[in-house]
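Keep in mind that what you see is a predicted model, and the values were worked out from it rather than measured. Start at 1 and go down the list; that is how both ligands and their atoms are numbered.
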Amino acid sequence: MFQDDASQPRTPSPARPAAGPASLARGREFLSIPGPTNVPESVLGAMHRPAVDIYDDDLLDTTRRSLQDLKAVFRTEGSTYIYIANGHGAWEAALTNTLSRGDRVLVLESGRFAKGWGDQGDMLGLAVEVLPGGWRCAVDPAAVEARLRADRAHEIRAVLVVQIDTASGVVNDIPAIRAAIDAARHPALFMVDGIASIGCMPFEMDAWSVDVALTCSQKGLMMTPGLSFAAASAKAMAAHATAGLRTAYWDWTSRDMPENYRKFCGTAPEHMLFGLQASLGLLFAEGLENAWARHAALADAVQAAVAVWAEGGAMEFNILDPAQRAASVTTILTPGFDPQRLRAFAREQLGLVLGSGIGDLTGKAFRIAHMGYANAPMVMGTLGATEVALAALGVPHRAGGLGAAATALARHFAGPR
Ligand SMILES: *Cc1c(COP(=O)(O)O)cnc(C)c1O
């Protein structure tokens, strides 16, 4: 969550402060980037223990519970898998376990991440087709339906989409895309990257008939980077039986064997499992629905502030339709100023780490995360410090973003309690 200032040796000269006003960054650093996100102290504490025997009963139980708990996170009765990998590993697991060389997959563009997943498929020898979308709006379910209807021979074997694109800040309507696939009566597997959304907004693998769902540890699940997770439906398992791209490390059949080492294709990531149990414990104690509502309220606050600042004409929301703005990250275009200057000032002078624009938005945007272990004062602190930076740098903006955010958060509590 916060780093001790002792771990931030950022002052260039140890001898005396640089000329000019003193930095206000000393204190707890606010990490407001969309992954890795803040890790609660109790989660870090759960990892701070000696290694145990890989055959230890407690470890076997931790593995069993983690696989079970992930079913609750994905909302599925399907099979769950834990990879010692980041999200890119889970992408590869999804493709290699279910598809064969030459299979056609349809990637639904809405920013950077689904296309990145598709690029992996390209390297694996899949025939990757991108359904073009924009960087400023969600996937259009009608376009998905039209493309699938045109595929009369059912050559498309899988449809790949992200629920939240962390680069553009869009949220895609997964049930609506499912309905589009069904309306086209198309049998393709439906694969959803929920890396920036699961834990932050509703995701219902079984109710939405998602065949392969993915997430990872370091975003909404409040854990350190290093683990990613996949869940597979019965239909995905049937595709797995004949998949030609299967490889030893990712293979679901091998991981479904009873021995504990099979679950990880080798040594269990013990400390990360201890941390995961602690972070999922926090999430379940809060209640998934409450975590979703918390993210929605924090997103409202961020968007209320940005809407006020944007009246100055130097910045705007990347996602045009407010209903398509994500609950976990907000991407702000900066036609009127250099976002790197804002980020550098925030970090060096204020102790706030904002996200940069990535992909097509490199150098053109900044991002504010409201993802995972984040509460009202953390988001208000982030917004307040951002407003300080805008004012100090002379970026044209309307003042009062923080007040609008406060009003938005208060509105969350309006009504019967
Ligand atoms: C972060 C992210 C990824 C990539 O995850 P890594 O752990 O960096 O490999 C993939 N998809 C989405 C939507 C993400 O936000």
Open item on the list: When you compare the side chains of Ser110 and Asp165, does any donor N or O come within less than 3.5 Å of an acceptor on the partner?
Closed with: no

Open item on the list: Side chains of Tyr81 and Asn97 only: does a donor on one sit below 3.5 Å from an acceptor on the other?
Closed with: no

TODO: Tell me, please, which residues at least two apart from Trp250 pass ring pair (Phe, Tyr, Trp, His ring centres under 6.0 Å).
DONE: Tyr83

Open item on the list: Checking Phe203 now: which residues fulfil ring pair (Phe, Tyr, Trp, His ring centres under 6.0 Å) with it, not counting sequence neighbours?
Closed with: Trp208

Task: Within residues 318-351 or reaching into it, pairs that qualify as ring-ring contact (aromatic ring centres under 6.0 Å, His included) - sequence neighbours excluded - done: none

Could you tell me, for ligand 1, which of its N or O atoms are under 3.5 Å from any protein N or O, listing the pairs and their distances rounded to 0.1 Å?
from	atom 1	to	atom 2	distance (Å)
ligand 1	7 (O)	Gly87	N	2.8
ligand 1	7 (O)	Gln218	NE2	2.7
ligand 1	9 (O)	Asn86	OD1	3.4
ligand 1	9 (O)	Gly87	N	3.0
ligand 1	9 (O)	His88	N	2.9
ligand 1	9 (O)	His88	ND1	2.5
ligand 1	11 (N)	Asp193	OD2	2.7
ligand 1	15 (O)	Thr166	OG1	2.3
ligand 1	15 (O)	Lys219	NZ	2.6

Task: Pair Arg178 + Glu145: basic N to acidic O under 4.0 Å - done: no

